[in-house]
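Take a look at the structure below.
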Amino acid sequence: MNDQGKSGKSQVSFHYGKALLKLSQTYVSLFEAVLEAVQNSIDSGAKHVGIVINRKERSITISDNGEGVSKAHFEEALSSVCDSVKERGKLGQFGLGLISPLGKCERFTFTSCARRGKEGYQEWTFDTDTVACQAKMVQIPFRTRALAFRPAGSTSGRAPQGTRFVDWRTRVVIHNYVVDREVSRIQSAEALKEAILEKYSIAMRRSDVAVSVRIINADGTQETAAGKAKKFSGKKLPDVTIGEKDAGNTIFRLYLARKGTFGYRGKVLIGEAGNDYRFAFGVFAKGATDFLSADVIELFKSGVFEGEILTSNAKLHENRKTFVRNDAYVGFCTVIEEWFIEHGKKHMKEVKEERQGQRIQDLSLRSLKNVESLLNSDAFKGLRKDTIESFKLGNVGAGHAAPDDDKVVGMQDNPSISVSATGKTRDTNGGGGHDNAEPDAEKPAHAPFTVAGPKGQHRTVVKGGSRGLQFDHVANRSDGPLWVIEPTHGTLLFNVE
């Protein structure tokens with residue numbers, strides 16, 4: 001029998017429920033699932049997004065006061081997984097964020113009411129085991145809730161009998177999340193807040209969105225964090241646009257970051273032109289080491305710059321941590337290298353000097369802690385008296401009593417970090433060793449031990465007390481002395497050459 005010339009079609013089928021669980025693993029952790037829920041809240045026009053994480057009950061609640069979602073629109077989203085129904089300009093584009101908690105919890109609920117709708121609050125329940133069992137079609141049960149919206153702080157109006165007022169239009173509640181420490185790890189309220197402000201800063205600034213995070217720990221203690229996205233505050237550099245045949249246009253909107261107490265803390269963000277989603281250059285660089293030089297990565301991670309680098313052709317990967325690796329991606333990396341050569345290389349020397357200064361200061365701080373401990377011991381009391389008390393001038397920083405005007409000599413040339421008697425470091429705001437309020441008078445035995453360098457505060461030089469020991473570093477001749485004591489201010493100068 002001759003079968004030559006016959007043709008046909010073979011069918012591909014799959015298990016719908018298990019496929020949906022596989023898709024939800026695009027977001028591997030609850031941290032990412034929470035970020036996706038927050039993104040949806042921002043896209044809905046929310047002015048406030050509140051997150052409560054209860055570690056004892058293993059639950060997470062994300063609420064917002066945005067426009068809400070109608071039943072029809074939500075069901076459209078359910079039927080469009082992997083094909084986002086959001087218009088361009090919104091943060092989401094992959095249509096997977098809605099199902100991201102699946103497989104990471106026993107169940108989660110989505111409850112919402114459209115601001116202009118008349119159908120009231122509808123609640124859908126996504127049960128992981130139930131979804132996993134549905135092979136041919138996945139159906140998500142829903143019910144109507146007896147809830148009514150009233151803005152936070154308002155007392156107007158009366159709820160119909162049997163109806164309860166709430167101050168949110170949309171709420172996602174994750175119930176009984178998994179005990180796996182990596183999947184469920186959310187480091188702190190502050191870390192979650194900062195991640196939200198980083199990724200969604202553009203849209204949050206435009207709409208003046210506030211976020212608050214509260215974590216209830218297993219022992220009942222709580223931690224909170226709240227804030228809004230801040231504008232870049234450094235010195236604006238000229239915008240630069242560089243074209244490349246595959247990458248299209250790459251836009252550099254950068255600032256020279258302000259130098260704070262502990263050095264430069266600027267952050268450069270990466271994104272697509274026309275999409276408000278951003279992620280840190282440091283995250284992008286992890287996957288770009290084959291195409292970006294070590295100097296480029298170091299410069300953009302140094303904190304010297306803040307701002308954003310946007311690409312017109314490279315496309316964001318579904319994991320939102322990098323771009324799809326294709327010619328446009330390689331071209332994007334090539335353009336970043338080009339910008340570094342033309343505009344950024346001149347800042348590299350400053351970065352390396354800053355890093356070296358920080359390293360020396362950190363090492364010296366550890367050494368000075370040991371010196372302070374020795375001088376405070378009974379065996380070295382005589383040396384302390386002969387050395388420290390022989391210096392002419394002392395110094396005080398923030399958190400100390402304000403010195404009398406006639407005792408102030410000036411300010412130290414270089415910032416420095418102080419070592420407390422317990423071995424903790426103090427910052428300029430008095431943290432780690434001081435209360436916020438300044439004392440009325442300086443303690444007679446105050447003898448600061450400090451290390452000069454790029455981090456810390458400029459301390460006030462005073463007469464008549466607060467004499468201590470400071471380590472500082474200078475570049476002298478390589479054949480010069482290893483160290484020199486400067487007896488007026490009590491500074492021990494080390495030759496870094």
Residue that, paired with Arg278, satisfies side chain to side chain contact (heavy atoms under 4.5 Å, CB included) out of Ile270, Leu269, Ile309: Leu269

Does the side chain of [X] reach to within under 4.5 Å of the side chain of [Y], using non-hydrogen atoms?
{"X": "Glu486", "Y": "Asp472", "value": "no"}
{"X": "His458", "Y": "Pro415", "value": "yes"}
{"X": "Ile51", "Y": "Ile196", "value": "yes"}
{"X": "Arg459", "Y": "Ser418", "value": "yes"}
{"X": "Lys463", "Y": "Leu393", "value": "yes"}
{"X": "Arg185", "Y": "Phe31", "value": "no"}
{"X": "Lys199", "Y": "Tyr277", "value": "yes"}
{"X": "Lys104", "Y": "Ser29", "value": "no"}

Parallel, tilted or perpendicular: ring planes of Phe300 versus Phe305, cut at 30 and 60 degrees: tilted

Test salt bridge (charged side-chain N to carboxylate O under 4.0 Å, His left out) applied to [X] - qualifying residues, sequence neighbours left out:
{"X": "Lys235", "result": "none"}
{"X": "Arg115", "result": "Glu67"}
{"X": "Glu198", "result": "Lys267"}
{"X": "Asp180", "result": "none"}

Quick one: closest heavy-atom pair of [X] and [Y], and the distance?
{"X": "Ser364", "Y": "Phe471", "result": "O-CD2, 4.0 Å"}
{"X": "Arg55", "Y": "Tyr177", "result": "CA-OH, 3.6 Å"}
{"X": "Gln470", "Y": "Ala452", "result": "OE1-CB, 3.9 Å"}

Pairwise distance OG(Ser184) to CG(Leu30) - rounded to 0.5 angstrom: 6.5 Å

Between CG on residue Asn275 and CG on residue Leu310, distance to nearest 0.5 Å: 9.5 Å

Partners passing side chain to side chain contact (heavy atoms under 4.5 Å, CB included) against Ser233 (at least two apart in sequence or in another chain): Arg258, Glu306

With Ala189 via side chain to side chain contact (heavy atoms under 4.5 Å, CB included) - residues at least two apart: Val213, Ile215, Glu223, Ala225

Set of residues satisfying side-chain hydrogen bond (donor to acceptor under 3.5 Å, both in side chains) with respect to Lys392, sequence neighbours excluded: none

By side-chain hydrogen bond (donor to acceptor under 3.5 Å, both in side chains) - contacts of Thr170 (at least two apart): Ser112

Salt bridge flag under 4.0 Å for residues Glu372 and Lys369: no

Can you give each donor-acceptor pair under 3.5 Å made by side-chain atoms of residues 238-253, sequence neighbours left out, with the distance rounded to 0.1 Å?
{"unit_1": "Asp239", "atom_1": "OD1", "unit_2": "Lys236", "atom_2": "NZ", "d": "2.4"}
{"unit_1": "Glu244", "atom_1": "OE1", "unit_2": "Asp246", "atom_2": "N", "d": "2.8"}
{"unit_1": "Glu244", "atom_1": "OE1", "unit_2": "Ala247", "atom_2": "N", "d": "2.7"}
{"unit_1": "Arg253", "atom_1": "NH1", "unit_2": "Glu308", "atom_2": "OE2", "d": "3.4"}

Who passes ring pair (Phe, Tyr, Trp, His ring centres under 6.0 Å) against [X], sequence neighbours left out?
{"X": "His473", "answer": "Phe494"}
{"X": "Tyr329", "answer": "Phe291"}
{"X": "Phe340", "answer": "none"}

